[in-house]
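Values in this document were obtained by computation on a predicted structure and should not be read as measured data. Note: hydrogens, waters and symmetry copies are ignored here, and every other heavy atom, side chains too, is used.
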Amino acid sequence: NTMSPKCMLVNNTASGKGGGLFAGTGNDGLVITNSYLDSNTASFGGGGYLNNFNVNASILNSQIRNNLASSDGGGVSLIYANNGALFFNCSLLDNHGARYGGGVHFNMAASDTLVSGSTFENNLAGSGGAIYFSTENTVIISNSSFANNKVLGNGGALCLDQSNNVTLNSCVFQTNEALQSGGAVASTYVNIVTINWSSFYSNWAGSIGGAIVTQSGITSDIVFKGACMFSSNVAKFGGGALAIVGSILWSMSDGFLVIQNNTAPVGSGLFFKDFVSDSSRSLNSITFANNVAVVGGTIYWLYEFGGMVEEPAGIYSDSISWENNSAPYGIIVATQAVQLVGPEEYTVTVYGQSLSPSIDFHMLDSYDNFIPLNGITAVQVSVVLDGVECNDEVPSIAGNDLYGVGVPFSNGVASFASVQAACTPGGNMTLQFEAHLGNMLGVGSAIASSYYLINYTKIHFRECVAGEMYSLRECSPCVTGSFS
C-alpha cells in the first residue's frame with residue numbers, strides 16, 4: 001500500500017470524493033511519499049480523500065497544491081483515521097475548500113495523528129483556511145508554518161469545531177486572515193488547544209481575535225506553554241491579539257506571553273465577552289507593549305453581557321508588565337459605555353429661542369473613564385409625556401437637533417444647542433436623551449439594537465416677571481399700552 005516515489009497526480013476530477021486519490025476501507029498502512037497532488041478537483045478531498053483506516057496512513061515529503069473541493073478538504077480530507085495519520089515535511093499550497101478546510105479537513109482522526117515540518121500557504125476556505133477540525137480529532141502539529149491562508153468565516157489558518165484536542169509545538173502563524181473571527185486560530189465550541197513555543201505575527205480578523213478566538217464553549221480551554229509571541233495582529237473590532245467569548249481564561253504551564261504591537265478599536269491586546277470566571281485562573285506572566293486601541297483599552301470587556309460584572313482576575317498582577325500601550329481612554333483596561341451623563345435639571349430662562357446654554361452629554365465606562373468618542377454613536381431626544389406639568393398644555397420640542405440620527409459625539413460630548421422646548425411658564429417637562437451603542441459595541445445586531453443608555457433631564461420654565469406678559473406659551477416683554 002505504498003505509492004511509488006515521485007508520483008504525480010495532476011488535473012484529475014471526481015464527481016464525489018478524492019479528485020487525485022481515493023483510499024477507503026482496507027487500504028491500511030497507506031504511504032504516499034515524494035509525490036505531487038496538483039490541480040485536482042472533487043466535492044470532498046480535492047487532492048485526496050483518505051477514509052476509514054485501521055492502520056496509520058502517511059504522507060511524506062510531498063506537495064499538495066492548487067486542488068479544489070466544492071465542499072470540504074481542498075487539499076486532503078482525512079476521515080475516521082482510527083489509528084492516526086502522519087503528514088511529514090509536506091507543502092500544502094494554494095488549495096481551496098469551499099466550505100471547510102482549504103488545506104486539510106480532519107474528522108475523527110485518532111490520538112497519534114501528527115503533522116510535522118510542514119508548510120501551509122495561500123490556502124482558502126469558508127472556515128479553516130489551512131486545516132479544519134470537525135469533531136473528535138486529537139492532533140499534534142509541530143515545527144510547521146501557516147502563512148497567507150484566508151477564510152470567509154472563522155479561523156484563517158485553523159478552525160476547531162467541537163471535541164478536538166490540538167497541540168501546536170513551535171509553529172508560526174503569519175499574515176493569515178479571517179473575514180469573521182480568529183485571524184489565525186478559531187475554537188468555536190468545546191475544544192482543548194495547547195500552544196507551546198509558538199508565534200503569531202500580522203494576522204487579521206474582520207471582527208474579533210486578530211490571532212486567536214475561543215467562543216461558545218464554557219469548558220473550551222487554551223493551555224500556553226513556553227514563550228509565545230503575539231505581534232502586529234489586527235482585529236477590526238476587538239481583541240487585536242486574543243478574544244475570549246463565552247469561555248474560561250486560558251491556563252499557563254511554565255508559559256509566558258508577549259503581546260506587542262497589536263491593534264483593534266477596543267482591546268488592542270485582549271477582548272472578553274460573556275467571560276466565564278474560574279477562581280483558579282487569572283492573567284499572569286504577560287508583557288503588553290506598544291499595543292494601540294483606537295477606541296479604548298489594551299484589555300477590554302463588555303460589562304453586564306452574559307452576567308460579566310467583574311474584570312478578569314490578575315490584571316494588576318506583578319507578573320504583568322505594561323510598556324507604551326495607547327488608547328483614548330482606559331489605557332490598561334476599559335469597558336463599553338455604561339453611563340450617559342448630563343444635567344438632571346435645566347431651567348429655561350429665555351423664551352422663544354433654542355436652549356441656551358446647550359444641554360451637553362458625555363459617556364463613562366464602568367471605571368468612570370471619560371469616553372472621547374467622535375461620531376461613532378449619537379444621542380436622540382424625546383419628550384416624556386407621563387407626569388408633565390404644563391397646566392393642561394401639551395409640551396413639545398422643536399429644532400434641528402431632533403432630526404436624523406440625533407446629535408453625534410464630538411471629542412466625547414454630544415451638545416444639544418438647537419433644541420426649542422415649549423411649555424407653560426412656571427411649568428415643567430421631562431426630556432429623555434438616549435444613546436444607542438450598536439456601532440460602538442460591534443456585537444450582533446440583536447444585542448446592539450437593544451443596548452442603549454438613557455438620561456432624563458427635567459426642564460423648568462420660569463414664571464413671567466414684572467414687565468412681561470404671557471402670550472403663546474411664553475413670557476414676552478410688555479408692549480406699549482399693556483402691562484402684567
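Although no hydrogens or angles enter the test, the distance criterion places no donor-acceptor pair under 3.5 Å between the side chain of Asn123 and the main chain of Asn149. Although no hydrogens or angles enter the test, the distance criterion places a donor-acceptor pair under 3.5 Å between the side chain of Asn455 and the main chain of Leu340.
A donor-acceptor pair shorter than 3.5 Å can be found between the side chains of Thr175 and Asn148. Between the side chains of Ser127 and Asn154, no donor-acceptor pair of N or O atoms lies under 3.5 Å. For the residue pair Asn137 / Asn164, a side-chain donor-acceptor distance below 3.5 Å is found, with atom types taken as modelled. A donor and an acceptor atom, one from each side chain of Thr214 and Ser187, are nowhere located under 3.5 Å apart. Side-chain contact, Asn66 with Ser39: a donor N or O sits under 3.5 Å from an acceptor N or O. Between the side chains of Ser62 and Ser35, not a single donor N or O lies within less than 3.5 Å of an accepting N or O. A donor-acceptor pair shorter than 3.5 Å can be found between the side chains of Asp368 and Gln339.
In this structure, CE on Met229 lies 9.0 Å from OG1 on Thr287, to the nearest 0.5 angstrom. Atoms CG and CG, on Asn89 and Leu86 in that order, are 10.5 Å from each other to the nearest 0.5 Å.
Ring orientation note: the planes of Trp301 and Tyr303 are tilted relative to one another, at an angle of 30° to 60°.
Among residue pairs with one or both ends in residues 134-182, those qualifying as ring-ring contact (aromatic ring centres under 6.0 Å, His included) are Phe120-Phe146, Phe146-Phe173, Phe173-Phe200; sequence neighbours excluded.
The minimum heavy-atom distance between Arg281 and Ala313, with the atom names listed, is O-CB, 4.2 Å. The minimum heavy-atom distance linking Val333 with Asn369 is given by the pair O-ND2, 3.9 Å. Summarising the geometry of Asn95 relative to Ile64, their closest heavy-atom pair is ND2-O, 3.0 Å, with the distance given to 0.1 Å. Between Asn262 and Ser268, the shortest heavy-atom contact is CB-O, 3.3 Å.
Other residues, nucleotides and ligands contribute at most 12 non-hydrogen atoms within 6.0 Å of the CH2 atom of Trp197. No more than 12 heavy atoms of other residues, nucleotides or ligands lie within 6.0 Å of OH in Tyr36, so this atom counts as exposed by the packing criterion.
For Glu311, the side-chain hydrogen bond (donor to acceptor under 3.5 Å, both in side chains) test picks out Tyr367, with sequence neighbours left out.
Considering Val193, Val139, Asn191 as possible partners of Phe133, the one that fulfils the side chain to side chain contact (heavy atoms under 4.5 Å, CB included) test is Val139. Between Ile59 and the options Leu21, Val115, Ile32, a side chain to side chain contact (heavy atoms under 4.5 Å, CB included) holds for only Ile32.
Look at Lys17 and Asp72 and you find no salt bridge, because none of the NZ, NE, NH1 or NH2 atoms lies under 4.0 Å from a carboxylate O.
You'll find the side chain of Leu114 stays beyond 4.5 Å of the side chain of Phe87, heavy atoms only.
Taking the six-membered ring for Trp, Phe271 and Phe237 have ring centres closer than 6.0 Å.
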